[in-house]
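All remarks here apply to the structure that follows.
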Amino acid sequence: MITRAGWGLAAASALVYAAGAPLGYGQAAVLAVTGLAAVGAGALWTVRGARLEVRREVTPVKVTRGEPAVAVLHVRNAGRWRHAGLVARDTCRDTTVTVDVPSLGRRAARTMSYRLPTGRRGRAQVGPLLLDRGDPFGLARRSIAYGRADVLLVRPRTVPLRPLHSGRRRHLDGLASRSAPAGASSFNGLREYVVGDELRHVHWRSTARTGTLMVKELTDVNLPDTVVVLDTRASSYEGDDEFELAVDIAASAACAVTRDRFPVRVLTGDGELVHAKGGPGEDEEVLDRLALVERSDGAEPPRHALRQAGAGGALVLVSGDHAALADAAALRRRFDRVLFVRAGAPAGDGGPRPAGVTVIEAADLDELAAAWPR
């Protein structure tokens with residue numbers, strides 16, 4: 001491909017010939033031919049094949065919004081001739097990254113790295129990678145695509161929070177659930193031994209009386225069972241920054257539960273986004289799903305999601321619209337704890353705050369962590 005400089009030289013050569021030839025200036029023809037020949041030579045230079053081995057790696061492939069992600073570029077000259085004037089161009093969303101590749105001698109290799117933009121949450125396509133080869137005078141350039149595009153997943157930011165203590169069934173020692181993991185703290189009954197039970201939970205007195213190996217069934221008196229509802233209506237937020245903060249808040253609340261190995265459901269107006277049962281790696285799924293959430297003019301209000309929320313445990317409703325507090329208040333009798341978090345700067349007194357609903361107004365994640373129930 002002829003560059004702008006090449007087309008400029010070709011146009012200037014034609015102009016010199018057109019101006020000088022009618023007047024009998026032989027030098028005009030020589031200059032014109034020289035200029036056009038230089039452009040042609042540049043084009044032929046780039047047409048000549050370059051035997052290059054090019055590979056690009058993106059690390060890490062999943063990153064928290066705002067944290068660094070790097071592309072590592074490996075280029076090797078597999079040919080017999082030195083190659084210079086190489087420029088690598090990579091794209092990520094609306095950003096083009098340009099990297100100058102040093103001159104490569106025979107069998108020589110170079111490794112370069114460059115930062116990728118991670119300021120926006122979501123799935124970002126990286127590439128395809130283009131390697132531009134130009135002539136020494138910059139008159140022509142040839143672009144060749146190498147490899148396939150990679151995917152970079154930018155996740156929401158989170159801050160460490162305490163899970164909200166709640167449970168579906170009442171117990172003499174507090175809130176309890178039979179779904180608690182083995183080894184919890186409160187005695188709830190006896191049952192027959194099954195393979196896999198811990199021997200330290202065997203109740204020897206009952207075993208001796210019945211002749212059957214019996215084990216103690218234990219419960220956790222503060223088992224968090226949490227539903228997080230994220231308002232995705234575009235009208236609930238003043239801009240992208242407010243919505244991104246709301247997603248970060250929802251991610252922080254959900255991950256606080258899964259990292260303590262307890263279940264959480266994340267809902268939007270369009271339905272259930274993810275149901276994590278708690279345990280190793282469950283927070284990864286929560287972050288992956290929330291990385292792809294978008295606000296929409298056609299999204300349903302939170303009350304539609306709350307109809308699927310069930311009852312019992314804790315409810316966390318995240319919105320940028322203080323009017324959504326009424327949706328949370330309407331369900332305060334169905335949950336042990338109800339928390340409404342408004343993302344954005346405080347909007348005056350916000351009106352009355354219903355009894356039984358904890359209200360937090362957070363302009364950033366630091367304010368959320370400071371105001372979160374202990």
Side-chain angles (χ1 to χ4, degrees), residues 65-66 119-123 154-159 161 164 226-257 264-274 286-310 314-332 334-335 337-354 356-373:
R65 181 168 61 89
R120 288 169 49 198
R121 179 183 50 82
R123 181 185 285 115
V154 183
R155 295 159 150 185
R157 296 175 55 219
T158 61
V159 289
L161 302 173
L164 298 174
T226 307
V227 175
V228 177
V229 178
L230 174 63
D231 185 358
T232 55
R233 294 174 299 169
S235 59
S236 297
Y237 304 93
E238 294 185 359
D240 290 338
D241 290 343
E242 250 190 28
F243 180 68
E244 290 303 315
L245 175 60
V247 176
D248 292 346
I249 291 171
S252 298
C255 289
V257 180
V264 65
R265 296 174 64 202
V266 181
L267 308 174
T268 68
D270 298 325
E272 184 173 279
L273 187 67
V274 59
V286 170
L287 293 173
D288 288 351
R289 296 293 184 87
L290 283 172
L292 306 178
V293 170
E294 300 289 344
R295 63 178 181 148
S296 169
D297 292 328
E300 297 289 348
R303 61 178 175 272
H304 288 266
L306 293 172
R307 292 171 184 168
Q308 308 175 41
L315 169 67
V316 181
L317 173 57
V318 184
S319 176
D321 183 7
H322 199 279
L325 174 58
D327 293 337
L331 298 176
R332 64 183 181 273
R334 286 171 46 186
F335 291 88
R337 301 192 69 173
V338 177
L339 181 64
F340 174 77
V341 185
R342 182 186 174 277
D349 59 9
R353 298 190 175 187
V357 180
T358 303
V359 179
I360 295 176
E361 294 192 358
D364 54 45
L365 289 180
D366 291 335
E367 287 190 8
L368 173 71
W372 192 259

Worked check of side chain to side chain contact (heavy atoms under 4.5 Å, CB included) between Leu331 and Val338:
CA-CA 8 Å; Leu331 298 176; Val338 177; 5.7 Å; no

Begin with the C-alpha distance, continue with both residues' side-chain angles, and end with the deciding distance and a verdict on side chain to side chain contact (heavy atoms under 4.5 Å, CB included) for Leu245 and Tyr237.
CA-CA 10 Å; Leu245 175 60; Tyr237 304 93; over 6 Å; no

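Of all non-hydrogen atoms in Ala329 and Pro354, the two that sit nearest each other are CB-CG, 3.5 Å. When all heavy atoms of Asp288 and Leu292 are compared, the pair lying nearest together is O-CG, 3.7 Å.
Side-chain contact between Leu317 and Val357: absent, with no pair of heavy atoms (C-beta onward) separated by less than 4.5 Å. Inter-residue side-chain proximity for Thr232 and Glu294 is flagged as unmet; no heavy-atom pair is nearer than 4.5 Å. Put simply, the side chain of Trp372 reaches to within 4.5 Å of the side chain of Leu339, judged on heavy atoms. In this structure the side chain of Val318 never reaches within 4.5 angstrom of the side chain of Pro302, judged on heavy atoms.
Sorted by first then second residue, the salt bridge (charged side-chain N to carboxylate O under 4.0 Å, His left out) pairs that include residues 231-241, not counting sequence neighbours, are Asp231-Arg233, Arg233-Asp321, Asp240-Arg295. Among pairs with a residue in residues 322-331, none fulfils salt bridge (charged side-chain N to carboxylate O under 4.0 Å, His left out), at least two apart in sequence or across chains.
The 12-atom threshold is not exceeded at CZ of Arg123, counting heavy atoms of other residues, nucleotides or ligands nearer than 6.0 Å.
The salt bridge (charged side-chain N to carboxylate O under 4.0 Å, His left out) check on Arg121 picks up Glu244, with sequence neighbours excluded. Phe335 meets the ring pair (Phe, Tyr, Trp, His ring centres under 6.0 Å) test with no other residue; sequence neighbours excluded. Shown here are the salt bridge (charged side-chain N to carboxylate O under 4.0 Å, His left out) partners of Arg120, two or more places apart in sequence or in another chain: Asp94. With sequence neighbours left out, Glu367 forms a side-chain hydrogen bond (donor to acceptor under 3.5 Å, both in side chains) with no residue at all.
One distance of note links CG of Leu315 with CZ of Arg334; it measures 8.5 Å at 0.5 Å rounding.
Screening Val229, Thr358, Val359 for a side chain to side chain contact (heavy atoms under 4.5 Å, CB included) involving Phe340 leaves a single residue, Val359.
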Could you pull out every donor-acceptor pair under 3.5 Å between side chains of residues 246-256 and any protein atom, sequence neighbours left out?
{"residue": "Asp248", "atom": "OD1", "partner": "Arg157", "partner atom": "N", "Å": "3.0"}
{"residue": "Asp248", "atom": "OD2", "partner": "Arg65", "partner atom": "NH2", "Å": "2.3"}
{"residue": "Ser252", "atom": "OG", "partner": "Val159", "partner atom": "N", "Å": "3.1"}
{"residue": "Ser252", "atom": "OG", "partner": "Asp248", "partner atom": "O", "Å": "2.9"}

Would you give me the side-chain donor-acceptor pairs under 3.5 Å for residues 266-274, sequence neighbours excluded?
{"residue": "Thr268", "atom": "OG1", "partner": "Asp270", "partner atom": "N", "Å": "3.2"}
{"residue": "Glu272", "atom": "OE1", "partner": "Arg265", "partner atom": "NE", "Å": "2.8"}
{"residue": "Glu272", "atom": "OE1", "partner": "Arg265", "partner atom": "NH2", "Å": "3.0"}

